[in-house]
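Report on the structure given below.
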Amino acid sequence: MLKQRTLKSLTRAVGVGLHGGHKVELTLRPAAPDTGIVFRRIDLPVPVDIPVNAQAVCDTRLASTISPGGDPGAPKVHTIEHVMSACCGLGIDNLQIDITNEEVPILDGSAASFVFLLQSAGVVEQDAPKRFIRVLKPVEVREGEGAALKWARLEPYHGYRLSFEIEFNHPAVDSTGQRVEFDLGSGRYQRDIARARTFGFAKDVDAMRARGLSLGGSMDNAIVVDDTRVLNAEGLRYDDEFVKHKILDAMGDLYIAGHPLLAAYSAYKSGHALNNKLLRALLADPSAWEIVTFADERQAPQGFTQPVRAW
């Protein structure tokens, strides 16, 4: 039987939120089978649990934000996509995430620090079948026309494959890879995707900070580009780091479904909002998906039965 996974012990991190700039402590704790991933705001007078699911997403401006039931007036947790991507990459099904503020710490701007934390705590199997959402027919969402067109699609696939294409019309970005394809069954998430950092444009920083955004951003936790080049002294971690970060984000956004997907995801200029719209479109059509388990591991997609590797 292909089994669910959680942590062996708890692990902690302290950092600042990318947009709010506030100090925050994150504690990742083991959780019982079938719990899913649950954020707990422990800074409030009465702690509030926020189970992760597609309907919990209440805001997708520059990040994925959740609240209980998606209520915009309820307590929130912002910028969950990087830790969710790490959970997807390592196959974590059940986790309690205690948080002392309203935004997940940005750490180095990628998922690598979360992967390190999860692996340091140890990943263990649980005596419960791992449940997947298997896509049964194509589902697509589109926005805009002409140069403004963007789209995202899910199609049937025995595994989890993602492809993404970007188009920023910016010299620093255009000189790097514009399209990437990644198969989670390769076992290379940590090596090929997890280290890709979020990025931003220097010309937008003042405007964003005037709106109360990116207050915790710096070249320690983001790629920053001016009109022509990357400003970070160390350069890029991957030749195609920009588009790989979009894959990283998409993995986190789609893992909000509550179970790993068996599907091929493809997208052009998509982002958090369109990814959530795609997820909601899938789940709204009962004929487009089903929940499956694998009593015989040999029938599971290649790569999903392997133990999580250390760095």
Side-chain angles (χ1 to χ4, degrees), residues 13-24 26 61-64 78-86 88-89 101 103-120 162 164-182 188-253 267 269-272 275 311:
V14 177
V16 297
L18 173 63
H19 294 300
H22 303 295
K23 181 179 178 181
V24 57
L26 198 74
R61 292 172 294 178
L62 301 178
S64 286
H78 303 278
T79 321
I80 70 168
E81 59 270 11
H82 297 174
V83 67
M84 292 299 295
S85 184
C88 177
N101 213 307
E103 187 175 11
V104 174
I106 190 62
L107 302 180
D108 78 337
S110 75
S113 296
F114 296 113
V115 169
F116 177 79
L117 288 167
L118 292 166
Q119 291 187 328
S120 297
L162 304 98
F164 206 109
E165 184 176 355
I166 57 174
E167 187 178 339
F168 281 91
N169 294 317
H170 186 287
V173 181
D174 293 351
S175 65
T176 71
Q178 301 291 287
R179 186 180 185 278
V180 111
E181 183 171 300
F182 172 72
R188 296 176 181 172
Y189 171 79
Q190 297 99 308
R191 190 190 76 178
D192 291 350
I193 301 296
R195 297 178 64 245
R197 294 161 294 175
T198 192
F199 57 91
F201 300 95
K203 65 180 182 180
D204 298 331
V205 170
D206 289 343
M208 292 178 67
R209 288 183 173 169
R211 294 162 51 204
L213 300 170
S214 292
L215 300 179
S218 72
M219 283 189 277
D220 292 329
N221 55 39
I223 304 167
V224 181
V225 297
D226 65 10
D227 291 340
T228 60
R229 63 191 177 93
V230 172
L231 298 180
N232 302 63
E234 73 277 16
L236 298 178
R237 294 176 175 177
Y238 305 107
D239 291 339
D240 49 3
E241 188 169 0
F242 296 103
V243 68
K244 280 188 171 177
H245 187 78
K246 300 296 282 188
I247 289 272
L248 184 157
D249 274 350
M251 291 178 69
D253 290 341
K269 296 168 62 174
S270 186
H272 303 298
N275 289 336
W311 285 96

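All figures in this text were calculated on a predicted structure; none of them were measured in a lab.
Using a 4.5 Å heavy-atom cutoff, the side chains of V104 and V24 are not in contact. Considering only heavy atoms from C-beta on, H78 stays 4.5 Å or farther from R61 through its side chain. Between V173 and Q178 there is a side-chain heavy-atom pair separated by less than 4.5 Å. Counting only heavy atoms from C-beta outward, the side chains of F182 and Y189 approach each other to under 4.5 Å.
Between the S85 side chain and the L248 main chain, a donor and an acceptor come within less than 3.5 Å of each other. At least one donor-acceptor pair closer than 3.5 Å links the side chain of K246 to the backbone N or O of S270. Side-chain N or O atoms of H170 include one that pairs as donor or acceptor with a backbone N or O of D226 at under 3.5 Å. The closest donor-acceptor contact from the side chain of K269 to the backbone of E167 lies at 3.5 Å or more, if one exists at all.
Every salt bridge (Lys or Arg N to Asp or Glu O under 4.0 Å) that D108 has, sequence neighbours left out, goes to R237.
Classified by interplanar angle (parallel below 30°, tilted 30° to 60°, perpendicular above 60°), the ring pair F201/F168 is tilted.
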Discussion item. Could you go through I166 and R179, starting from their C-alpha distance and side-chain angles, then the distance that decides it, and tell me whether this counts as side-chain contact (heavy atoms from CB on, under 4.5 Å)?
Written reply: CA-CA 6 Å; I166 57 174; R179 186 180 185 278; over 6 Å; no

Fill in: Worked check of salt bridge (charged side-chain N to carboxylate O under 4.0 Å, His left out) between E234 and R195
CA-CA 14 Å; E234 73 277 16; R195 297 178 64 245; over 6 Å; no

Item to complete: List the steps and the verdict of side-chain contact (heavy atoms from CB on, under 4.5 Å) for I223 and F242.
Response: CA-CA 9 Å; I223 304 167; F242 296 103; 4.0 Å; yes

Item to complete: For side-chain contact (heavy atoms from CB on, under 4.5 Å), just list the numbers for T176 and E241, CA-CA rounded to whole Å, side-chain angles, deciding distance to a tenth of an Å, and then say yes or no.
Response: CA-CA 8 Å; T176 71; E241 188 169 0; over 6 Å; no

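L236 CG to R197 CZ: the interatomic distance, rounded to the nearest 0.5 Å, is 6.5 Å. With rounding to the nearest 0.5 angstrom, the OG1 atom of T198 is 7.5 Å from the CD atom of E81. Of the inter-residue distances, the one linking D220 atom CG with L107 atom CG reads 12.0 Å to the nearest 0.5 angstrom. Atom CG of N275 sits about 8.0 Å away from atom CG of D249, to the nearest 0.5 Å. Atom NZ of K244 and atom CG of D239 lie 8.0 Å apart (nearest 0.5 Å). The CG atom of L62 lies 9.0 Å from the OG1 atom of T79; values are rounded to the nearest 0.5 Å.
Within 6.0 Å of CG on D174 lie more than 12 heavy atoms contributed by other residues, nucleotides or ligands.
For the pair N232 and A222, the tightest heavy-atom approach, listed with the atom from each and the gap, is ND2-O, 2.9 Å. Shown here for G177 and V243, the closest heavy-atom pair between the two residues is O-CG1, 3.5 Å. A pairwise comparison of heavy atoms in A111 and A86 identifies O-CB, 4.1 Å as the closest pair. In terms of heavy atoms, M251 sits closest to C88 at CE-SG, 3.8 Å. Scanning both residues, A196 and S110, for their nearest heavy atoms gives O-CB, 3.2 Å. The heavy-atom pair separating K23 from N101 by the smallest distance is O-ND2, 3.5 Å.
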